[in-house]
Amino acid sequence: MKRKVLIVFCLALLPMIGRAQLLWQISGNGALDKSYLFATNRLTDITFLDTVPNLFKAYSRSNKVITEFAMQDYEAIAALRTAALLPDSVRLMNVFTEDEYRSIDEALRLTLGMGLSQLGRMKPQYLTEMYRTELLKMWADYKEERSSEHFFESVASQQGRPIYGLDDIGEAMYMMFDREPFHWQCTELKKVVEYPEREVRQEKVLRDLYKQGRLLDIAYQVSGPDNQTTISFSDYKVYCARNTTWVKRLAPYLKEGKTFICLNAIYLGGEEGLIAQLQAAGYRVKPLNKPQKTSP
């Protein structure tokens with residue numbers, strides 16, 4: 001009887017433990033104070049943040065925010081838009097067959113309200129992401145204004161708290177528009193138009209895993225052989241290679257401490273994820289999986 005009660009009690013704790021693995025405390029390796037790492041997911045509503053133990057306490061103990069790319073830099077955003085353009089010598093109508101071009105044009109018109117006559121100068125990777133985003137709005141209840149992904153970045157901006165990006169403008173442009181060779185970008189644009197349901201299904205699975213705090217499973221879901229979406233193994237390997245650079249760039253912020261880092265959950269889990277690489281660099285990284293006692 002006691003064993004059954006214990007099993008039921010442990011099962012009841014699983015959701016809480018899983019969720020807590022979205023927030024990590026970083027210390028050691030010469031750090032003067034603690035820092036925090038929080039995993040994000042763009043499909044997750046901001047109300048979910050209230051369910052993560054210690055999250056707002058960790059943010060309040062921090063004096064700066066680190067993210068992938070500081071989107072408050074409006075000059076950088078303008079530069080990104082320019083970087084999304086194809087060279088004048090490249091035309092998508094010369095890359096795709098007539099049937100492929102017509103199919104892509106029709107799909108973009110139905111979802112974005114614009115076809116290749118208006119968008120044909122944009123890089124395929126940019127078109128793929130625009131199309132994916134609209135699919136998520138239609139089929140996965142994605143509301144950009146309700147997304148928790150950039151919540152702390154927005155709050156920090158309103159508070160006048162410093163926000164730093166781990167990627168500079170050139171690296172951000174590369175990740176958004178050029179991390180895949182041009183021919184592969186074209187292949188993926190065709191694929192997302194032909195199999196849109198794959199993209200939505202994958203994002204829903206990642207959202208469910210995220211809400212359970214299963215960062216390792218998120219890494220496997222993206223990098224595994226069964227993933228046939230436009231964000232798959234090759235993208236994951238690029239993310240992992242970038243993590244090595246990010247650990248070095250985080251060093252001065254972590255040395256000072258009181259740093260709040262918020263990054264997409266895809267980057268954090270797995271043997272080559274950011275958490276594992278921080279640990280390999282000598283940091284103590286542990287999940288804040290229990291409500292902490294307040295000082296008397």
Side-chain angles (χ1 to χ4, degrees), residues 41-45 69 71 77-147 149-150 172-208 210 218 221-239 264 266:
N41 172 270
R42 70 169 173 168
L43 290 192
T44 303
D45 190 87
F69 179 66
M71 294 304 290
I77 295 173
L80 285 171
R81 289 172 179 163
T82 301
L85 295 174
L86 286 167
D88 291 337
S89 59
V90 179
R91 291 289 183 269
L92 293 182
M93 65 177 61
N94 299 326
V95 177
F96 297 109
T97 67
E98 186 175 334
D99 288 342
E100 291 170 344
Y101 188 89
R102 187 185 305 110
S103 177
I104 295 170
D105 179 68
E106 182 180 355
L108 294 179
R109 287 183 184 280
L110 287 174
T111 54
L112 302 177
M114 295 181 289
L116 288 175
S117 59
Q118 296 97 340
L119 300 171
R121 288 202 61 217
M122 313 306 291
K123 291 180 179 177
Q125 193 162 313
Y126 181 74
L127 295 177
T128 295
E129 184 54 33
M130 286 181 66
Y131 184 65
R132 288 180 78 255
T133 299
E134 290 304 312
L135 292 177
L136 296 176
K137 289 178 180 178
M138 291 188 298
W139 296 346
D141 197 31
Y142 170 53
K143 297 180 178 65
E144 189 172 5
E145 70 279 4
R146 297 285 304 174
S147 173
E149 183 177 27
H150 298 295
M173 287 190 286
Y174 171 79
M175 289 300 297
M176 294 179 72
F177 307 124
D178 296 303
R179 69 175 181 266
E180 299 282 9
F182 178 74
H183 73 279
W184 186 245
Q185 290 186 35
C186 294
T187 298
E188 291 199 327
L189 179 56
K190 287 190 297 184
K191 182 164 62 175
V192 73
V193 165
E194 188 173 359
Y195 303 106
E197 70 283 355
R198 290 179 182 173
E199 306 291 325
V200 177
R201 183 167 57 246
Q202 169 81 332
E203 290 291 342
K204 286 183 176 180
V205 169
L206 293 178
R207 178 177 57 189
D208 291 343
Y210 171 80
I218 288 174
Q221 183 71 23
V222 174
S223 62
D226 294 334
N227 180 13
Q228 298 180 326
T229 68
T230 56
I231 299 179
S232 55
F233 179 76
S234 59
D235 299 280
Y236 183 74
K237 296 304 290 184
V238 172
Y239 300 153
N264 192 295
I266 289 177

Query raised in the report: Does the distance from a Lys or Arg side-chain N to an Asp or Glu carboxylate O, for Arg109 and Glu106, drop under 4.0 Å?
Result: no

Heavy-atom side-chain proximity of [X] to [Y] below 4.5 angstrom:
X	Y	result
Met138	Val200	no
Glu180	Ser234	yes
Ile231	Arg132	yes
Met114	Leu108	no

Query - Under the side chain to side chain contact (heavy atoms under 4.5 Å, CB included) test, residues paired with Arg102 that sit two or more places apart - result: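 Arg102: side chain to side chain contact (heavy atoms under 4.5 Å, CB included) contacts with Glu98, Asp99.
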
Query raised in the report: Partners of Gln221 by side chain to side chain contact (heavy atoms under 4.5 Å, CB included), sequence neighbours excluded?
Result: Gln202, Val205, Leu206, Leu209

[X] [atom1] to [Y] [atom2] distance, which is reported to the nearest 0.5 Å:
X	Y	atom1	atom2	answer
Glu203	Leu135	CD	CG	10.0 Å
Leu92	Leu116	CG	CG	6.5 Å
Met173	Thr82	CE	OG1	8.5 Å
Lys143	Asp45	NZ	CG	8.0 Å
Arg146	Asp141	CZ	CG	10.5 Å
Tyr195	Thr230	OH	OG1	14.0 Å

Query raised in the report: Could you give all pairs that pass the ring pair (Phe, Tyr, Trp, His ring centres under 6.0 Å) test and reach residues 91-141, with sequence neighbours left out?
Result: Tyr126-Phe177

Please report the shortest heavy-atom distance between [X] and [Y], naming the atom on each side.
X	Y	result
Asn41	Ser147	O-OG, 4.4 Å
Asp235	Arg179	OD1-NE, 2.5 Å
Tyr236	Ile266	CE1-O, 3.8 Å
Gly120	Leu86	O-CD1, 3.7 Å
Leu43	Ala140	CD1-CB, 4.2 Å
Gln118	Gly115	OE1-N, 2.9 Å

Requested in this report: Would you check if the side chain of Lys123 reaches a backbone N or O of Ala83 as a donor-acceptor pair within less than 3.5 Å?
Outcome: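 Yes; judged by distance alone, with no hydrogens or angles, the pair exists.
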
Query raised in the report: Do Gln185 and Thr128 get their side chains close enough for a donor-acceptor pair, meaning under 3.5 Å?
Result: no

Query - Steps toward salt bridge (Lys or Arg N to Asp or Glu O under 4.0 Å) verdict (Glu194, Lys191) - result: CA-CA 5 Å; Glu194 188 173 359; Lys191 182 164 62 175; over 6 Å; no

**Report entry** Over 12 foreign heavy atoms within 6.0 Å of CE, Met93
**Finding:** no

Report task. I would like to know whether Tyr142 and Thr133 meet side-chain contact (heavy atoms from CB on, under 4.5 Å); could you show each step before the answer? Result -> CA-CA 8 Å; Tyr142 170 53; Thr133 299; 3.8 Å; yes

Query - Stepwise side-chain contact (heavy atoms from CB on, under 4.5 Å) check, Phe182 with Val90 - result: CA-CA 11 Å; Phe182 178 74; Val90 179; 3.8 Å; yes

Report task. With side-chain contact (heavy atoms from CB on, under 4.5 Å) as the test, would you mind laying out the steps for Arg201 and Arg198 before giving the verdict? Result -> CA-CA 5 Å; Arg201 183 167 57 246; Arg198 290 179 182 173; 3.8 Å; yes

Report summary line: Paired with Arg42, the salt bridge (charged side-chain N to carboxylate O under 4.0 Å, His left out) test is passed by just one of Glu129, Glu145, Glu149, namely Glu129

